[in-house]
Each structure stands twice: as structure tokens, then as C-alpha cells.
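To start, the structure under review is shown below, and the notes come after it.
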Amino acid sequence: MAADVPFREVLKLNIEQSRRAFETLMATSEKAWAPAVWPLGDKIIKSFRDNAAAHFAFALRLIASKDASDVLRLYAEHVEERTHT
């Protein structure tokens, strides 16, 4: 039965589960420490969320890549975007 599940789908599910776990962690963190570092708390949380969203999106694009050149292109684009941001 497990052999019937495509490897890419398993990876995609794992990434989605990780994203949901991150969101839960961030929601809990916001309640715990954001008021303590006000007004930087909102900026820090937004930065964490934006950065994590970019990395999760990158991971999903990597899973959909077709070959090594596609992976290298995606990686270069991601590094450039993150560096610019």
C-alpha cells in the first residue's frame, strides 16, 4: 500500500505538516512574547512569517522540479530573492 503513494506527494504532505506546525508555533509565540518587545514584536513576527512562507514555497517548488538544472535555477532564484528581501 505504501508503495502506491508517490514520493513527491509524501514530501508535499510533510512540508504542509511542517508549515502548519510552524504556524502553530508562531501563534503561540505571538501571544507569549510579542507584547514584551513592542513595537518591534509585530515587525519581528512579520519577518519570521514572511521568511518561513518563502522557504516553504521554495520547498514545494523544488518537489515539482523536473531535473537538476531546474533545481539549480530555482535555488538561484530563491537565494537572490531572499538576499534582496
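For clarity, every value in this text was computed on a predicted model and none was experimentally measured.
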Quiz item: Considering all heavy atoms of both residues, which atom of Glu81 and which atom of Ala54 are nearest to each other, and what is their separation?
Solution: OE2-CB, 4.2 Å

Self-check item: Arg82 vs Thr85 side-chain heavy atoms within contact, under 4.5 Å
Solution: yes

Exercise. Mind checking the CD-CD1 spacing from Gln17 to Ile15? Nearest 0.5 Å is all I need.
Key: 10.5 Å

Practice problem: State, yes or no, whether a side-chain contact exists between Asn14 and Val10 at a heavy-atom distance under 4.5 Å. | Solution: yes

Self-check item: Closest approach of Arg49 to Phe22 (non-hydrogen atoms, all atoms of both residues)
Solution: CA-CE2, 4.3 Å

Exercise. Return yes when atom CZ of Phe56 has more than 12 non-hydrogen atoms of other residues, nucleotides or ligands closer than 6.0 Å, and no otherwise.
Key: yes

Quiz item: So, do Glu16 and Leu60 sit near enough that their side-chain heavy atoms are less than 4.5 Å apart?
Solution: yes

Exercise. Starting at CG of Leu74, measure out to CZ of Arg61 and round the result to the nearest 0.5 Å.
Key: 6.5 Å

Exercise. State yes or no: do Val71 and Phe58 share one hydrophobic cluster built from I, L, V, M, F, W and Y residues joined by side-chain heavy-atom distances below 4.5 Å, directly or via other members?
Key: yes

Quiz item: What is the distance from atom OG of Ser18 to atom CG of Leu25, rounded to the nearest 0.5 Å?
Solution: 12.0 Å

Practice problem: With sequence neighbours left out, write down each residue that passes salt bridge (charged side-chain N to carboxylate O under 4.0 Å, His left out) with Arg73, or none if nothing qualifies. | Solution: Asp70, Glu77

Quiz prompt | Distance (rounded to the nearest 0.5 Å) between Leu13 CG and Arg8 CZ | solution = 14.5 Å

